[in-house]
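Along the sequence shown, residues carry numbers from 1.
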Amino acid sequence: MSHIASSPIPGYLLPDTAQVGKDGRLSIGGCDVLELAEEFGTPLFVYDEEHLRSRCREAMAAFDGRAVYAAKAFLCKAMAELVDSEQMYLDVATGGELHVAIAAGFPTSRIFFHGNNKSPDELRQALEAEVGRIVVDNFTELDNLEALHAEMGLTEPIPVLIRITPGIEAHTHEYISTGQDDSKFGFTVSLGLAEEAMKRAASSDALHLLGVHAHIGSQVFRLDSLARSAETLAEFVRPLGLAELSVGGGLGVAYLTGEEAPSITEWGEAVREVTQDLGVKVWAEPGRAIVASAAITLYRVGDIKELPGIRTYVAVDGGMSDNPRPVLYGSGYEAFLPRSTNADRPLQARIVGKHCESGDVLVDKAHLPADLQIGDIIATPVTGAYGYSMGSNYNKIPRPPVIFTSNGTPRQIIRRETPTDLLRLDL
Ligand code: LLP
(Lines give C-alpha, C1' and ligand atoms only; values in the text may rest on other atoms or scores of the structure.)
Protein backbone atom coordinates (compact mmCIF):
# COMPACT_ATOMS: atom_id res chain seq x y z
CA MET A 1 0.00 0.00 0.00
CA SER A 2 1.24 3.49 -0.76
CA HIS A 3 1.20 5.62 2.37
CA ILE A 4 1.26 9.41 2.18
CA ALA A 5 0.70 11.81 5.03
CA SER A 6 -2.82 13.06 4.95
CA SER A 7 -5.02 14.77 7.48
CA PRO A 8 -8.54 13.89 8.65
CA ILE A 9 -11.59 14.96 6.67
CA PRO A 10 -12.11 18.70 7.35
CA GLY A 11 -15.35 19.63 9.12
CA TYR A 12 -16.29 22.22 6.49
CA LEU A 13 -16.93 19.47 3.94
CA LEU A 14 -19.49 17.83 6.24
CA PRO A 15 -23.15 18.80 6.71
CA ASP A 16 -23.86 21.51 9.31
CA THR A 17 -25.14 19.19 12.05
CA ALA A 18 -22.32 16.64 11.64
CA GLN A 19 -20.96 15.57 15.02
CA VAL A 20 -18.19 13.21 15.92
CA GLY A 21 -18.63 11.18 19.10
CA LYS A 22 -15.82 10.29 21.51
CA ASP A 23 -15.57 6.95 19.76
CA GLY A 24 -14.96 8.76 16.43
CA ARG A 25 -18.35 7.84 14.97
CA LEU A 26 -20.16 10.38 12.81
CA SER A 27 -23.72 11.47 13.30
CA ILE A 28 -25.78 13.71 11.03
CA GLY A 29 -29.02 15.30 12.15
CA GLY A 30 -28.50 13.45 15.42
CA CYS A 31 -28.47 10.05 13.66
CA ASP A 32 -25.47 7.72 13.81
CA VAL A 33 -24.62 7.16 10.15
CA LEU A 34 -23.30 3.62 10.65
CA GLU A 35 -26.66 2.70 12.17
CA LEU A 36 -28.36 4.25 9.14
CA ALA A 37 -26.20 2.08 6.87
CA GLU A 38 -27.28 -1.00 8.88
CA GLU A 39 -30.95 -0.06 8.82
CA PHE A 40 -31.30 1.10 5.22
CA GLY A 41 -28.40 -0.67 3.52
CA THR A 42 -25.80 0.78 1.15
CA PRO A 43 -25.31 2.71 -1.04
CA LEU A 44 -27.28 5.34 0.85
CA PHE A 45 -27.76 9.09 0.49
CA VAL A 46 -28.02 10.84 3.87
CA TYR A 47 -29.16 14.48 3.89
CA ASP A 48 -29.07 16.89 6.81
CA GLU A 49 -32.49 18.56 6.79
CA GLU A 50 -31.38 21.45 9.00
CA HIS A 51 -28.51 22.18 6.60
CA LEU A 52 -30.94 22.26 3.65
CA ARG A 53 -33.25 24.64 5.48
CA SER A 54 -30.41 26.88 6.57
CA ARG A 55 -29.19 27.27 2.96
CA CYS A 56 -32.75 28.00 1.77
CA ARG A 57 -33.03 30.70 4.45
CA GLU A 58 -29.64 32.14 3.57
CA ALA A 59 -30.68 32.39 -0.09
CA MET A 60 -34.02 33.98 0.76
CA ALA A 61 -32.25 36.57 2.94
CA ALA A 62 -29.49 37.23 0.37
CA PHE A 63 -31.99 37.86 -2.44
CA ASP A 64 -34.80 39.61 -0.52
CA GLY A 65 -37.19 36.68 -0.66
CA ARG A 66 -36.60 36.03 -4.36
CA ALA A 67 -34.63 32.78 -4.28
CA VAL A 68 -35.62 30.09 -6.77
CA TYR A 69 -34.34 26.58 -5.98
CA ALA A 70 -33.03 24.86 -9.14
CA ALA A 71 -34.78 21.49 -8.90
CA LYS A 72 -32.40 19.71 -11.26
CA ALA A 73 -29.77 19.54 -8.49
CA PHE A 74 -32.01 17.22 -6.43
CA LEU A 75 -35.77 16.80 -6.70
CA CYS A 76 -38.34 14.53 -5.16
CA LYS A 77 -41.62 15.23 -3.42
CA ALA A 78 -40.04 15.72 0.01
CA MET A 79 -37.51 18.18 -1.39
CA ALA A 80 -40.21 20.18 -3.17
CA GLU A 81 -42.20 20.24 0.09
CA LEU A 82 -39.17 21.46 2.02
CA VAL A 83 -38.51 24.22 -0.52
CA ASP A 84 -42.18 25.22 -0.36
CA SER A 85 -42.18 25.29 3.43
CA GLU A 86 -39.25 27.73 3.26
CA GLN A 87 -41.35 29.96 0.94
CA MET A 88 -38.78 29.60 -1.82
CA TYR A 89 -39.62 29.53 -5.51
CA LEU A 90 -38.80 26.55 -7.77
CA ASP A 91 -37.01 26.32 -11.13
CA VAL A 92 -38.09 23.35 -13.24
CA ALA A 93 -36.46 22.60 -16.58
CA THR A 94 -38.72 19.90 -18.02
CA GLY A 95 -42.28 18.67 -17.97
CA GLY A 96 -41.05 15.82 -15.75
CA GLU A 97 -39.69 18.15 -13.08
CA LEU A 98 -42.90 20.17 -13.31
CA HIS A 99 -44.92 16.97 -12.83
CA VAL A 100 -43.03 16.07 -9.65
CA ALA A 101 -43.42 19.61 -8.29
CA ILE A 102 -47.16 19.54 -8.93
CA ALA A 103 -47.44 16.06 -7.38
CA ALA A 104 -45.78 17.49 -4.27
CA GLY A 105 -48.40 20.23 -4.16
CA PHE A 106 -45.88 22.97 -4.88
CA PRO A 107 -47.77 26.22 -5.60
CA THR A 108 -47.44 26.64 -9.36
CA SER A 109 -47.47 30.43 -9.16
CA ARG A 110 -44.01 30.11 -7.56
CA ILE A 111 -42.61 27.95 -10.38
CA PHE A 112 -40.22 29.17 -13.09
CA PHE A 113 -40.26 27.01 -16.21
CA HIS A 114 -36.93 26.69 -18.04
CA GLY A 115 -35.47 24.71 -20.91
CA ASN A 116 -33.80 25.24 -24.29
CA ASN A 117 -36.18 22.94 -26.16
CA LYS A 118 -39.50 22.97 -24.42
CA SER A 119 -41.96 20.98 -26.50
CA PRO A 120 -45.38 22.44 -27.30
CA ASP A 121 -46.83 19.79 -24.96
CA GLU A 122 -44.57 20.88 -22.12
CA LEU A 123 -45.48 24.51 -22.72
CA ARG A 124 -49.16 23.60 -22.67
CA GLN A 125 -48.63 21.66 -19.42
CA ALA A 126 -46.96 24.75 -17.90
CA LEU A 127 -49.68 27.09 -19.12
CA GLU A 128 -52.45 24.83 -17.85
CA ALA A 129 -50.70 24.73 -14.49
CA GLU A 130 -50.41 28.54 -14.61
CA VAL A 131 -46.74 28.61 -13.65
CA GLY A 132 -45.42 31.93 -12.40
CA ARG A 133 -42.85 32.60 -15.13
CA ILE A 134 -41.78 31.01 -18.39
CA VAL A 135 -38.14 31.71 -19.19
CA VAL A 136 -38.08 31.90 -22.98
CA ASP A 137 -34.99 30.48 -24.66
CA ASN A 138 -35.47 30.86 -28.44
CA PHE A 139 -37.61 32.25 -31.27
CA THR A 140 -39.48 28.99 -31.87
CA GLU A 141 -40.63 29.11 -28.28
CA LEU A 142 -41.95 32.65 -28.78
CA ASP A 143 -43.93 31.35 -31.78
CA ASN A 144 -45.22 28.37 -29.81
CA LEU A 145 -46.29 30.48 -26.85
CA GLU A 146 -48.21 32.86 -29.09
CA ALA A 147 -49.91 29.97 -30.88
CA LEU A 148 -50.84 28.28 -27.59
CA HIS A 149 -52.16 31.53 -26.15
CA ALA A 150 -54.62 31.75 -29.05
CA GLU A 151 -55.40 28.02 -29.16
CA MET A 152 -56.08 27.74 -25.42
CA GLY A 153 -58.14 30.93 -25.45
CA LEU A 154 -56.09 32.43 -22.61
CA THR A 155 -57.37 35.78 -21.46
CA GLU A 156 -54.25 36.98 -19.63
CA PRO A 157 -50.86 37.50 -21.31
CA ILE A 158 -48.23 34.86 -20.40
CA PRO A 159 -45.64 36.14 -17.88
CA VAL A 160 -42.18 35.67 -19.42
CA LEU A 161 -38.51 36.40 -18.86
CA ILE A 162 -36.18 36.35 -21.86
CA ARG A 163 -33.03 34.26 -21.40
CA ILE A 164 -30.03 36.12 -22.77
CA THR A 165 -26.53 34.80 -23.40
CA PRO A 166 -24.31 37.58 -22.11
CA GLY A 167 -20.96 36.46 -23.57
CA ILE A 168 -19.26 35.86 -20.25
CA GLU A 169 -16.82 33.10 -19.40
CA ALA A 170 -17.76 31.37 -16.17
CA HIS A 171 -14.31 29.78 -15.71
CA THR A 172 -15.80 26.38 -15.04
CA HIS A 173 -15.93 22.99 -16.82
CA GLU A 174 -16.80 23.33 -20.53
CA TYR A 175 -19.85 21.04 -20.19
CA ILE A 176 -21.44 23.22 -17.52
CA SER A 177 -20.45 26.61 -18.96
CA THR A 178 -23.39 28.38 -20.60
CA GLY A 179 -22.73 32.13 -20.71
CA GLN A 180 -20.34 32.22 -23.67
CA ASP A 181 -21.57 33.16 -27.18
CA ASP A 182 -21.04 29.65 -28.52
CA SER A 183 -23.90 28.13 -26.50
CA LYS A 184 -27.12 26.25 -27.16
CA PHE A 185 -28.86 28.36 -24.51
CA GLY A 186 -30.63 31.68 -24.86
CA PHE A 187 -30.54 34.72 -27.13
CA THR A 188 -27.00 35.89 -27.88
CA VAL A 189 -26.43 39.50 -26.85
CA SER A 190 -23.42 40.20 -29.12
CA LEU A 191 -25.32 39.09 -32.24
CA GLY A 192 -28.29 41.32 -31.52
CA LEU A 193 -30.58 38.32 -30.96
CA ALA A 194 -31.35 39.30 -27.38
CA GLU A 195 -32.51 42.75 -28.44
CA GLU A 196 -34.65 41.31 -31.21
CA ALA A 197 -36.28 38.82 -28.82
CA MET A 198 -37.00 41.57 -26.29
CA LYS A 199 -38.69 43.69 -28.97
CA ARG A 200 -40.81 40.78 -30.11
CA ALA A 201 -41.88 39.81 -26.61
CA ALA A 202 -42.59 43.43 -25.64
CA SER A 203 -44.85 43.98 -28.62
CA SER A 204 -46.77 40.68 -28.35
CA ASP A 205 -50.29 40.78 -26.93
CA ALA A 206 -49.92 37.15 -25.89
CA LEU A 207 -46.90 37.81 -23.68
CA HIS A 208 -46.21 39.90 -20.62
CA LEU A 209 -42.49 40.67 -20.74
CA LEU A 210 -41.36 41.04 -17.14
CA GLY A 211 -37.61 40.97 -17.56
CA VAL A 212 -34.44 39.13 -18.49
CA HIS A 213 -32.58 36.07 -17.28
CA ALA A 214 -29.03 34.75 -17.63
CA HIS A 215 -27.24 31.67 -16.30
CA ILE A 216 -23.55 31.66 -17.16
CA GLY A 217 -22.61 28.25 -15.83
CA SER A 218 -22.39 26.05 -12.79
CA GLN A 219 -19.75 25.44 -10.09
CA VAL A 220 -18.62 29.05 -10.55
CA PHE A 221 -16.20 30.30 -7.89
CA ARG A 222 -15.67 33.81 -9.21
CA LEU A 223 -18.02 36.45 -7.91
CA ASP A 224 -16.72 38.89 -10.53
CA SER A 225 -18.06 36.65 -13.34
CA LEU A 226 -21.44 36.36 -11.61
CA ALA A 227 -21.52 40.13 -10.98
CA ARG A 228 -20.59 40.94 -14.60
CA SER A 229 -23.48 38.82 -15.81
CA ALA A 230 -25.81 40.78 -13.52
CA GLU A 231 -24.39 44.02 -14.98
CA THR A 232 -25.18 42.88 -18.51
CA LEU A 233 -28.72 42.05 -17.41
CA ALA A 234 -29.00 45.49 -15.82
CA GLU A 235 -28.10 47.13 -19.12
CA PHE A 236 -31.08 45.43 -20.75
CA VAL A 237 -33.52 46.22 -18.00
CA ARG A 238 -32.66 49.92 -17.60
CA PRO A 239 -33.67 51.40 -20.99
CA LEU A 240 -36.82 49.30 -21.21
CA GLY A 241 -37.90 50.01 -17.66
CA LEU A 242 -38.48 46.31 -16.99
CA ALA A 243 -39.53 45.12 -13.56
CA GLU A 244 -37.34 42.05 -13.07
CA LEU A 245 -34.08 40.29 -13.75
CA SER A 246 -32.80 36.84 -12.83
CA VAL A 247 -29.11 36.15 -12.39
CA GLY A 248 -29.59 32.38 -12.70
CA GLY A 249 -27.69 29.98 -10.48
CA GLY A 250 -24.17 28.67 -10.63
CA LEU A 251 -22.52 29.42 -7.29
CA GLY A 252 -19.80 26.82 -6.69
CA VAL A 253 -19.16 24.80 -3.55
CA ALA A 254 -16.03 23.25 -2.02
CA TYR A 255 -15.68 19.53 -2.71
CA LEU A 256 -12.06 19.05 -1.64
CA THR A 257 -9.82 19.86 1.28
CA GLY A 258 -8.46 23.38 0.86
CA GLU A 259 -11.14 24.56 -1.59
CA GLU A 260 -13.04 27.68 -0.67
CA ALA A 261 -16.19 28.98 -2.31
CA PRO A 262 -18.01 32.27 -1.76
CA SER A 263 -21.13 31.99 0.41
CA ILE A 264 -24.66 32.57 -0.86
CA THR A 265 -24.66 35.76 1.21
CA GLU A 266 -21.51 37.03 -0.53
CA TRP A 267 -23.02 36.22 -3.91
CA GLY A 268 -26.13 38.20 -2.95
CA GLU A 269 -23.98 41.17 -1.91
CA ALA A 270 -22.01 41.11 -5.18
CA VAL A 271 -25.23 41.08 -7.19
CA ARG A 272 -26.83 43.76 -5.06
CA GLU A 273 -23.88 46.09 -5.66
CA VAL A 274 -24.49 46.16 -9.40
CA THR A 275 -28.30 46.09 -9.33
CA GLN A 276 -29.36 48.17 -6.34
CA ASP A 277 -29.84 51.42 -8.25
CA LEU A 278 -32.17 49.84 -10.78
CA GLY A 279 -35.16 49.48 -8.53
CA VAL A 280 -36.01 46.07 -9.96
CA LYS A 281 -36.79 42.67 -8.46
CA VAL A 282 -33.70 40.46 -8.63
CA TRP A 283 -34.15 36.68 -8.71
CA ALA A 284 -31.44 34.05 -8.17
CA GLU A 285 -31.62 30.30 -8.86
CA PRO A 286 -29.18 28.37 -6.69
CA GLY A 287 -29.23 24.59 -6.96
CA ARG A 288 -25.87 23.17 -5.92
CA ALA A 289 -25.27 25.78 -3.20
CA ILE A 290 -28.48 24.67 -1.46
CA VAL A 291 -28.06 20.89 -1.53
CA ALA A 292 -24.48 19.80 -2.35
CA SER A 293 -22.84 19.83 1.06
CA ALA A 294 -26.06 18.84 2.85
CA ALA A 295 -25.50 15.17 1.96
CA ILE A 296 -23.01 12.35 2.16
CA THR A 297 -23.16 9.00 0.40
CA LEU A 298 -22.40 5.78 2.27
CA TYR A 299 -20.95 2.72 0.55
CA ARG A 300 -19.71 -0.64 1.78
CA VAL A 301 -16.24 -1.84 0.83
CA GLY A 302 -16.42 -5.20 -0.96
CA ASP A 303 -12.83 -5.63 -2.07
CA ILE A 304 -9.39 -4.12 -1.59
CA LYS A 305 -6.92 -4.90 -4.34
CA GLU A 306 -3.29 -3.95 -3.82
CA LEU A 307 -1.18 -3.80 -6.95
CA PRO A 308 2.41 -3.34 -5.72
CA GLY A 309 4.10 -0.41 -7.44
CA ILE A 310 0.88 0.45 -9.26
CA ARG A 311 -1.95 1.41 -6.92
CA THR A 312 -4.58 0.22 -4.45
CA TYR A 313 -8.16 -0.23 -5.64
CA VAL A 314 -11.01 -0.07 -3.16
CA ALA A 315 -14.25 -1.41 -4.66
CA VAL A 316 -17.58 -0.28 -3.22
CA ASP A 317 -21.19 -1.29 -3.82
CA GLY A 318 -22.23 1.78 -5.88
CA GLY A 319 -20.43 3.79 -8.53
CA MET A 320 -21.19 5.82 -11.63
CA SER A 321 -24.89 4.99 -11.28
CA ASP A 322 -25.24 7.00 -8.07
CA ASN A 323 -22.54 9.60 -8.81
CA PRO A 324 -21.65 10.08 -12.49
CA ARG A 325 -19.89 13.43 -11.87
CA PRO A 326 -16.33 12.04 -11.65
CA VAL A 327 -16.81 10.24 -14.98
CA LEU A 328 -18.58 13.15 -16.70
CA TYR A 329 -16.57 16.11 -15.49
CA GLY A 330 -13.51 14.60 -13.82
CA SER A 331 -14.91 15.93 -10.53
CA GLY A 332 -12.93 15.27 -7.39
CA TYR A 333 -14.35 14.05 -4.09
CA GLU A 334 -13.00 13.21 -0.66
CA ALA A 335 -13.63 10.01 1.26
CA PHE A 336 -13.40 8.98 4.92
CA LEU A 337 -14.51 6.30 7.34
CA PRO A 338 -17.43 7.41 9.52
CA ARG A 339 -16.33 4.87 12.17
CA SER A 340 -13.11 6.90 12.64
CA THR A 341 -14.09 10.31 11.33
CA ASN A 342 -11.12 12.14 12.80
CA ALA A 343 -8.52 9.57 11.80
CA ASP A 344 -5.53 10.49 9.66
CA ARG A 345 -5.87 9.18 6.12
CA PRO A 346 -2.41 8.04 5.01
CA LEU A 347 -3.57 5.36 2.57
CA GLN A 348 -3.91 6.57 -0.99
CA ALA A 349 -6.31 4.52 -3.07
CA ARG A 350 -8.67 4.70 -6.03
CA ILE A 351 -12.29 4.13 -5.01
CA VAL A 352 -14.15 2.38 -7.78
CA GLY A 353 -17.70 1.17 -8.20
CA LYS A 354 -19.13 -2.16 -9.31
CA HIS A 355 -20.01 -1.28 -12.90
CA CYS A 356 -18.51 -3.07 -15.87
CA GLU A 357 -16.14 -0.32 -16.95
CA SER A 358 -12.68 0.86 -15.95
CA GLY A 359 -13.97 4.42 -16.02
CA ASP A 360 -16.30 3.69 -13.11
CA VAL A 361 -14.27 5.74 -10.64
CA LEU A 362 -15.80 7.53 -7.65
CA VAL A 363 -12.66 9.00 -6.11
CA ASP A 364 -9.50 8.84 -8.14
CA LYS A 365 -7.06 9.80 -5.39
CA ALA A 366 -8.81 9.05 -2.14
CA HIS A 367 -7.09 9.35 1.22
CA LEU A 368 -8.23 6.77 3.74
CA PRO A 369 -7.23 5.51 7.19
CA ALA A 370 -4.53 2.84 7.08
CA ASP A 371 -6.68 0.23 8.87
CA LEU A 372 -9.30 0.16 6.12
CA GLN A 373 -11.04 -3.23 6.08
CA ILE A 374 -13.31 -5.12 3.76
CA GLY A 375 -16.85 -4.54 5.07
CA ASP A 376 -16.08 -0.97 6.21
CA ILE A 377 -18.55 1.81 5.45
CA ILE A 378 -16.91 4.56 3.37
CA ALA A 379 -18.49 8.01 3.12
CA THR A 380 -18.08 10.56 0.34
CA PRO A 381 -19.16 14.06 1.40
CA VAL A 382 -20.73 16.86 -0.70
CA THR A 383 -22.82 14.48 -2.79
CA GLY A 384 -26.18 16.22 -2.38
CA ALA A 385 -26.24 17.91 -5.81
CA TYR A 386 -26.40 16.25 -9.23
CA GLY A 387 -25.72 12.78 -7.81
CA TYR A 388 -29.10 11.18 -7.21
CA SER A 389 -30.64 13.44 -9.86
CA MET A 390 -28.19 12.33 -12.56
CA GLY A 391 -28.06 8.74 -11.40
CA SER A 392 -29.13 5.74 -13.44
CA ASN A 393 -29.64 2.06 -12.95
CA TYR A 394 -26.92 1.08 -15.35
CA ASN A 395 -26.07 -2.62 -15.03
CA LYS A 396 -29.48 -2.90 -13.33
CA ILE A 397 -28.10 -1.66 -10.05
CA PRO A 398 -31.15 -0.50 -8.09
CA ARG A 399 -31.13 3.22 -7.27
CA PRO A 400 -30.25 3.85 -3.59
CA PRO A 401 -32.66 5.22 -1.01
CA VAL A 402 -32.49 8.78 0.29
CA ILE A 403 -32.79 9.66 3.97
CA PHE A 404 -33.45 13.06 5.54
CA THR A 405 -32.19 13.25 9.12
CA SER A 406 -33.33 15.76 11.70
CA ASN A 407 -33.29 15.90 15.51
CA GLY A 408 -32.23 12.29 15.88
CA THR A 409 -34.89 10.94 13.51
CA PRO A 410 -34.21 9.48 10.08
CA ARG A 411 -36.97 9.87 7.49
CA GLN A 412 -36.76 7.75 4.36
CA ILE A 413 -37.97 10.02 1.56
CA ILE A 414 -37.05 7.80 -1.41
CA ARG A 415 -36.95 4.02 -1.04
CA ARG A 416 -34.43 1.74 -2.68
CA GLU A 417 -35.38 0.40 -6.09
CA THR A 418 -36.34 -3.27 -5.99
CA PRO A 419 -35.85 -6.06 -8.52
CA THR A 420 -39.53 -5.53 -9.42
CA ASP A 421 -38.84 -1.86 -10.17
CA LEU A 422 -36.11 -2.97 -12.56
CA LEU A 423 -38.77 -4.71 -14.64
CA ARG A 424 -41.66 -2.26 -14.31
CA LEU A 425 -41.23 -0.72 -17.78
CA ASP A 426 -40.83 -4.03 -19.62
CA LEU A 427 -43.94 -5.06 -21.54
N1 LLP B 1 -30.63 28.04 -13.45
C2 LLP B 1 -30.45 27.50 -14.67
C3 LLP B 1 -31.14 28.08 -15.81
C4 LLP B 1 -29.61 26.38 -14.81
O5 LLP B 1 -29.43 25.85 -16.01
C6 LLP B 1 -28.98 25.82 -13.67
C7 LLP B 1 -28.11 24.64 -13.79
C8 LLP B 1 -29.22 26.42 -12.42
C9 LLP B 1 -30.03 27.53 -12.35
C10 LLP B 1 -28.60 25.89 -11.17
O11 LLP B 1 -27.20 25.92 -11.19
P12 LLP B 1 -26.36 25.57 -9.87
O13 LLP B 1 -26.67 26.63 -8.85
O14 LLP B 1 -26.78 24.24 -9.39
O15 LLP B 1 -24.96 25.60 -10.32
N16 LLP B 1 -24.74 18.51 -13.78
C17 LLP B 1 -23.76 19.55 -13.57
C18 LLP B 1 -24.40 20.89 -13.32
C19 LLP B 1 -25.35 21.32 -14.42
C20 LLP B 1 -26.07 22.60 -14.14
C21 LLP B 1 -27.14 22.86 -15.12
N22 LLP B 1 -27.88 24.04 -14.90
C23 LLP B 1 -22.84 19.15 -12.42
O24 LLP B 1 -23.03 18.09 -11.85
O25 LLP B 1 -21.87 19.85 -12.12
Flag the pair [X] / [Y] as yes when at least one side-chain heavy-atom distance between them is below 4.5 Å, and no otherwise.
| X | Y | value |
| --- | --- | --- |
| N395 | C356 | yes |
| I134 | L161 | no |
| P286 | L251 | no |

Greater than 12 external heavy atoms within 6.0 Å of [X]'s [atom1]:
| X | atom1 | answer |
| --- | --- | --- |
| E273 | CD | no |
| D23 | CG | yes |
| N407 | CG | no |
| E128 | CD | yes |
| R228 | CZ | no |
| E130 | CD | no |

Taking the six-membered ring for Trp, are W283 and Y89 closer than 6.0 Å centroid to centroid?
yes
Test of ring centre spacing under 6.0 Å for F74 and F45
no
Working to the nearest 0.5 Å, report the span between [atom1] of [X] and [atom2] of [Y].
| X | Y | atom1 | atom2 | result |
| --- | --- | --- | --- | --- |
| R424 | T418 | CZ | OG1 | 8.0 Å |
| F404 | C31 | CZ | SG | 13.0 Å |
| L26 | F336 | CG | CZ | 5.0 Å |
| Y386 | K72 | OH | NZ | 6.0 Å |

Test log, rule side-chain hydrogen bond (donor to acceptor under 3.5 Å, both in side chains), inputs Y333 and R325
CA-CA 10 Å; Y333 286 85; R325 300 192 69 257; 3.0 Å; yes
One thing to verify: whether [Y] and [X] come together as a salt bridge, which I'm taking to mean a side-chain N less than 4.0 angstrom from a carboxylate O.
| X | Y | result |
| --- | --- | --- |
| D421 | R416 | no |
| E49 | R53 | yes |
| D371 | R339 | yes |
| D364 | R350 | yes |
| D317 | K354 | no |
| R272 | D64 | yes |
| E141 | R163 | no |
| K305 | D303 | no |
| R345 | E334 | yes |

Return yes if a side-chain donor-acceptor contact under 3.5 Å exists between D181 and T188, otherwise no.
no
Verify whether one side chain among T17 and H51 offers a donor that lies under 3.5 Å from an acceptor in the other.
no
Apply the test side-chain contact (heavy atoms from CB on, under 4.5 Å) to residues L298 and I296: give CA-CA distance (whole Å), side-chain angles for both, the deciding distance (0.1 Å), then the verdict.
CA-CA 7 Å; L298 303 176; I296 66 172; 3.7 Å; yes
Determine, stepwise, if the pair R411 / T405 fulfils side-chain hydrogen bond (donor to acceptor under 3.5 Å, both in side chains).
CA-CA 6 Å; R411 180 160 66 104; T405 59; over 6 Å; no
Using the six-membered ring wherever Trp is involved, compare the ring planes of Y394 and H355 and label them parallel, tilted or perpendicular (cut-offs 30° and 60°).
parallel
So which heavy atom on [X] is nearest to which on [Y], and how close?
| X | Y | answer |
| --- | --- | --- |
| V316 | I378 | CG1-CD1, 4.4 Å |
| A227 | V274 | O-CG2, 3.8 Å |
| G132 | P159 | O-CG, 3.2 Å |
| P120 | N144 | CG-ND2, 4.0 Å |
| A335 | T380 | CB-CG2, 4.3 Å |
| G95 | Q125 | O-NE2, 3.1 Å |

Please report the C-alpha distance between T94 and E122 in whole Å, then the side-chain angles of each, then the deciding distance to 0.1 Å, and finally whether the side-chain contact (heavy atoms from CB on, under 4.5 Å) criterion is met.
CA-CA 7 Å; T94 63; E122 285 178 312; 3.8 Å; yes
Quick check against the 3.5 Å criterion: does S389 have a side-chain atom that pairs as donor or acceptor with the backbone of A73?
yes
Show your working on side-chain contact (heavy atoms from CB on, under 4.5 Å) between T257 and H367 and close with a plain yes or no.
CA-CA 11 Å; T257 304; H367 301 292; over 6 Å; no
Does E58 form a side-chain hydrogen bond (donor to acceptor under 3.5 Å, both in side chains) with T265? I'd like the steps, not just the answer.
CA-CA 7 Å; E58 186 183 353; T265 305; 2.7 Å; yes
Check R133, R66, H213 against E244 for a side chain to side chain donor-acceptor pair (under 3.5 Å) and give me the one that passes.
R133
side-chain hydrogen bond (donor to acceptor under 3.5 Å, both in side chains), that's the test. Do D322 and Y299 meet it? Break it down for me.
CA-CA 11 Å; D322 60 74; Y299 303 97; 2.5 Å; yes
